[in-house]
Structure formats: structure tokens, C-alpha cells
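Below you will find the structure I want to go over with you.
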Protein chains: 2
Amino acid sequence: MKKSEVNSTAIARLAGVSRSTVSRVINNYSNVPTETRDKVMKVIQQYNYFPNASAQALAGKRSRTIGLFLIDQGHVAGDILTNMLIVSVIAHASEHGYYVLTHIIRHTKDTEVIKNVREIFYQRRIDGGIFIGAAIREPFIEELIEEGFTVGIFDQELPEHPEPNRIVSNFNNDSGMKQAVAYLAGLGHTKIGVINGDMKRLSGQTKYEGFLMAMRMCGLEVNPDWVLDGDFNESSGVHAMRTLLGKGGELPTAIIAANDSVAFGAIRELKEHGVQVPEDISVIGFDDHALSAKHHPALTTIRVDFSGMLKRMTLCLIARIEDKTPVVREISLDCSLVVRDSCRRV
Amino acid sequence: MKKSEVNSTAIARLAGVSRSTVSRVINNYSNVPTETRDKVMKVIQQYNYFPNASAQALAGKRSRTIGLFLIDQGHVAGDILTNMLIVSVIAHASEHGYYVLTHIIRHTKDTEVIKNVREIFYQRRIDGGIFIGAAIREPFIEELIEEGFTVGIFDQELPEHPEPNRIVSNFNNDSGMKQAVAYLAGLGHTKIGVINGDMKRLSGQTKYEGFLMAMRMCGLEVNPDWVLDGDFNESSGVHAMRTLLGKGGELPTAIIAANDSVAFGAIRELKEHGVQVPEDISVIGFDDHALSAKHHPALTTIRVDFSGMLKRMTLCLIARIEDKTPVVREISLDCSLVVRDSCRRV
DNA sequence: CTGAAAGCGCTTACAG
DNA sequence: CTGAAAGCGCTTACAG
């Protein structure tokens, strides 16, 4: 018999006890005398026995697996940030004895894809799930919450009557935008443009709102020609600059991009047109992407601790699954300016 | 009753059939009349019923989950390549109705960590697993193969008596190195150095062997001072150049790095010392990393199709799991030179 | 074509 | 402290 085929019956027989006792040893019941425990453990180790996870789950144990759902509107899959998020979730789940089933959702409008996501929950493959990249309100996620599944949503706020099984997390984008505008204002900029992110996402909206408020607070006017659409992808930075330069009107002296990828794209396109950064236009990003420090010019940006955020989210989800400490439902983290070389004084 | 709590008994009752019939409908048995099937399907859809995966597994079905094990000697976790590998496996597994449980192995010497990996297999959480970044012979992987688990190993060759449950994949590093040396020779270089990768890995060894053979074929001499140790991480490129420049001897006119990350590190350190690439030294990488085209200078390298390789590996593993087409056991892919700006004629 | 029943490998009240 | 037994939710020969 292959070792991998032993079951609790075999262990019980070999140890001279009942399956109940084997189970008690495995589950660390306190009422097993050391002697019995040792006897059983010896056989378990000798035969390399691990209880079948499906049988455990069916008998009422948790699956000890969490789902990680990446909604890929664009290039999440090709970005190093994604990798950091995945690794952070896996590493921290692992520390708590949990496994991670990662799933990529290419289109939230594709019913087959969404059916597949729901299936993962309904089939009880996972004890809970984390969603990254979701729009402000995704009907299928709302359904899962209604059904009682434990769900963590990155970049979302708590609704009015928060359900106990909903966990949300978000960055203080307001604060980030205020820092960006304040820094530029301090450098003497008054003509500040912005390239927006995906406005279907919370961070897209709050960054823009933060920008508007910060401009007002600093007594600066927002020129509508300098408010450009985007979607958090590098290509949208390229496109935004093409639009701006194509208009032929006056140019801003500084631009804040919804994230660093967008900033990279914008800077690239500006260069193409002979506009130098920061000599001609200052650019400031958001996120502090892994490449921003290495970029030419090194990108001034707003740092955001994705890894730390996902760590908290993961731990909080697990705590909720195990229904300990059901206190935290919203995780908010601040962000802060990192000055590098992409902005100059005017 | 929450929809998510219906089971096959409830569906059977609601559809007026037995659980056997519900199961037959779900499993697409041919001997169910259309009328019965429709009747049952209607209830299934209405109640959002999905069979419990643990119960299915326990009753003999596959878990439809594969494990993806990333052995992280260094910075696999912080690299965009890793992300591409993960995404490729998930996407292609998903197309075939499989899920992916991703796991990070930080130290193959840590018995707790390895026990955990074995546990995933023995617990039957997965139907098979893919290992990335393993040394040439990892005892714990060998054990899993012996136990009959289906295993795919990236960057490994088939042993003499290949087991049917072992799948390996590798790139033709020989060919890649020959192209690199040939190109440099064509540019007039005769003084060619090399920064090795991790020699515990197959690709580390075969790249170096390919280098030696190619040099011989081109009638060039290998200067032992220009053969530098490394480990596939960027920092080893830095370190290798520091060593080389520290020796104070004659410098090679060209260097081949074990991969692009190492090349990045090497170029950075050369710049620090005022040595320009490609003006003073030509550098050629390996992999065609996502950043190589954007690098300054754009890196000449050997392109390797990681994504395609992982796709094949994933499909092959699934085919083996479902025991169809048990033909392919080794997947080999060629690689090819991509000329950019980091090498010059001498 | 379909249902009753056994069985997959566990856990956990229950009884002693 | 420990075993016998029920039960978790499925699948699949078996019998009809």
C-alpha cells in the first residue's frame, strides 16, 4: 500500500485504537492521555498520514482555503503590482495555515465567468474570498454577501448598513491627492492638470474628488481642458497626453496621474513630442510602483502600502472566517508623498 | 433557506426525482431523457445549486485543482516574470475547468515548509502540482513522484527511467547560448565573459555548458577570470561586476548574463564605475524580461517563451491527470536572439 | 430509464 | 478516557 493511501482506519488499526481516537489526536482534543497520543502520532508520522481534506470539510471542518479574485480590466495580469498583491495574500494566509485559490476575472460582464466565480463559493471550495479591482458596486459580489459568504473587497467603502460578512479596505486617496497638490503648489505651480483613473472604481472617484477639493483649498483653479480621462493603465496615460497636446491650447505646468503606470505612459508620450519632464512639465504619480524609483526621471509619487493592506485584509478575512474578533470591518490606510525627480520648481 | 444551502436532496424533492437522477443530470449521463433533464435543470438553476466539491471529491471525483509551487530562492516574488508564470497557469487551467492553489516555498531546507507542501498532496487538495524554481533534484519532489502524484517540473530533464506521472519542461539553453556567442563573435568580440546563474538549477548548468561549447565552436578562449558566479538575481549581477572590476585585470569586451535581471544589475554597477554599455562593454541577457525593451540601453537578449511553456505544462498536466494522451512527458522549447541596443561592434 | 443503497474518509455528540 | 454509530453530500454499481 502506498503511504499516500492510508486512511484513519488503517492508522487506528496500526495504533490499536479506534478511528475516533485517531481523530481526537489529530484535532488536538485535550482529553487524550499523552501515552495514547504519542502512540498514535508515531504511527501517523511513520505512515506519512494526512487526513483527507474533502472528508474533513464534509464532516464540518473548514476548507482552510481562501479565494483571491483579480478583476482584470486591462493589464492587471501584466503588472508587477499584481504579483505583490498575490504574494502578500498567499504568504500571510500561509502563515495561518490557509491556502489560496487564485482566480482571474477577465470580464465582469461575461455571465459564464461570473457563474464560475459563484460556483467556487457555492461549491464550498473556499471559506471566503478577496476581490481586487472591482467596480464600486458589483452585483455578483453583493449576491455573495447576501448569501452569507465572507467577502473582503479591496478599494471599497462600507455601505450604510454593513453586513458582518463584508470587509472592505481603502486608501485615504483624499489625503494623497492633497499632498500631491500641496507639493506642486509649494513648487509654485498653479496650472495643474490631472489624468483620472477608472471612475467606476472607488479609488478613481476619490482621487478625483480629492484633487478638486485640494485645488480649491489651495485657491487654484481647475481648468477643464486639463482634466483628462483614464483607466489606471499605462496606455491611458499615453492617450491622455496625446489628447492634451492635440488640443493645441495652453499646457499645464504640472500633471497628477491617477497612478504611476499612467504617469509612465504620459511621460513617454510627452517625450515623443519633445516635451521634457520635469523641465517643461512636472509629473507626479500615485502608488509608488516598484519601477518608479528606477524610472527616468525617477518618479515623484504618493506611496501606498499595497502589501500591508493586503496583509491586513487577509488576516481580517481569516479572523472573520474563524469568527474571532469580529470587530474590524473596514481597513483604511493613509498614503504619503515620495519626492523624487519628476517635478521642478517654477 | 439560503440558496447556498440547498443540496441534492432538496433539488431532488423539488424536481420530483431521486438524488441519483439529480446526480446523473449534473454529470451529463446520457441515459436521462431530455424532459427529465430539463425539469431538473430548471430547479437547479432556480435554486442556484452547485454540488458540494468536497462531497464530489470524496465520492471519487477529481478536485479539479492543481497546485502551483513557486520556489523562491531570492526574489521570485518580486519579479514580474513570476506574475506571468502564475497568470499563465491560472488562465489555462481555468479554460479547462481547473482551479489553481498557489503556494510559495521560501526555503526548501525548512522541514516545516516542506511538510506543508507534502500535506497539500496527501490531503488530496489537488490532483497534481507544478513546481517552478526547483533544484535539479529535490528529494521531496522525488518522494511525491514515487507516491504516484502527478507532478510537472519546470526547468528539469527526464531521468533515465521516466515515471509516467513525471512531466518536465525545459528551454534549449544550449541553443540560446550559442546564438548569444555567435552574435557577439559576429560583432568582432573575442573577449567574452559570462555571469552564471544558480548552478543548482538545470538552466544554470546548461547555460554555462552551452557557453563553453559555443566558445569552443567559435574558436574563442574562455578566460577563467571572466567566468563569474551568480544566482539569477539582479544583485548577483551587481556583485559579479564589482568582483570583476575589483580584480583590476583586463576586462572582457562583452558579457553574457544568465538572465536579464542579472544583466540589469551588471549594467547598473558598470555605470556606477563609469563603464558605459555598450560603448565600453557589450552586455547580452537571457529571457527577454518584460522590462528589457524599456531598459536603457534596451537590452539585447535571448527570448524565451515562459508563458507558452507554462501553458503547455499546464495542459499536459491536466491531460495526464485526466489520463488522456499520456504521450508527452517532456516539453522542450527553443529560444531566440532579440537584437536591441546593448551590444556594439568592435 | 430510475430509485434504493452502499460507500468515500472524516468528525463528533452519545453512551459508557 | 474511549469506542460504536450517525451523519456530512455526493456518485455509482446494482437491480428492476
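Quick note: numbers below take in every heavy atom, side chains included, and nothing from hydrogens, waters or symmetry partners. Reminder, nothing fancy here: chain letters follow the sequence lines and each chain counts from 1. Quick caveat: nothing in here was measured; it's all calculated off a predicted structure.
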Look at B:Glu330 together with B:Arg166 and state whether they make a salt bridge at an N to O cut-off of under 4.0 Å.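 Salt bridge: no.
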
Kindly list each side-chain donor-acceptor pair under 3.5 angstrom involving residues 109-116 of chain B, sequence neighbours excluded, with atom names and distances?
| unit_1 | atom_1 | unit_2 | atom_2 | d |
| --- | --- | --- | --- | --- |
| B:Asp110 | OD1 | B:Glu112 | N | 2.9 |
| B:Asp110 | OD1 | B:Val113 | N | 3.3 |
| B:Asn116 | OD1 | B:His103 | NE2 | 3.1 |
| B:Asn116 | ND2 | A:Tyr99 | OH | 3.1 |
| B:Asn116 | ND2 | B:Glu119 | OE1 | 3.2 |

Which dot-bracket string describes DNA chain C (Watson-Crick N1-N3 plus N6-O4 or O6-N4, or G-U N1-O2 and O6-N3, all under 3.5 Å; [ ] crossing; | other strand)? |||.||||||||.|||

If you take any heavy atom closer than 4.0 Å to DNA chain C, which residues from residues 22-40 of chain B end up in contact?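 Going residue by residue through residues 22-40 of chain B, the ones with a heavy atom under 4.0 Å of DNA chain C turn out to be B:Arg24, B:Asn31, B:Pro33, B:Thr36.
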
Contact class for A:Ser20 vs. all strands (heavy atom < 4.0 Å): base, sugar-phosphate, or nothing?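 Counting heavy atoms under 4.0 Å across all strands, the contact made by A:Ser20 includes a base.
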
Would you call the rings of B:Tyr122 and B:Phe149 parallel, tilted or perpendicular if under 30° counts as parallel and over 60° as perpendicular? perpendicular

Any donor-acceptor pair under 3.5 Å linking the side chain of A:Arg64 with the backbone of A:Ala53?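 Checking the backbone N and O of A:Ala53 against the side chain of A:Arg64, no donor-acceptor pair under 3.5 Å is found.
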
Set of side chain to side chain contact (heavy atoms under 4.5 Å, CB included) partners for A:Asp127, sequence neighbours left out: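 Residues passing side chain to side chain contact (heavy atoms under 4.5 Å, CB included) with A:Asp127: A:Arg62, A:Ser63, A:Tyr98, A:Ile321.
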
Judged by atom type as modelled, is there a donor-acceptor pair below 3.5 Å linking the side chain of A:Arg13 to the main-chain atoms of A:Arg19?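 Side chain of A:Arg13 to backbone of A:Arg19: no pair is present.
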
Under a 3.5 Å threshold, yes or no: a donor from one side chain and an acceptor from the other, between A:Arg24 and A:Thr36?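 Their side chains do not contain a donor-acceptor pair, so the 3.5 Å distance test is not met.
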
Does the plane of the ring in A:Phe131 sit parallel, tilted or perpendicular to the ring in A:Phe140? Use 30° and 60° as the thresholds.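 Correct class here is perpendicular.
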
Start and end of the DNA chain D segment that chain B contacts, any atom under 4.0 Å from a heavy atom: D:dG9 to D:dA13

For A:Asn52, give me all partners under side-chain hydrogen bond (donor to acceptor under 3.5 Å, both in side chains), at least two apart in sequence or on another chain.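 Testing A:Asn52 for side-chain hydrogen bond (donor to acceptor under 3.5 Å, both in side chains), a comparison that skips the adjacent residues, returns none.
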
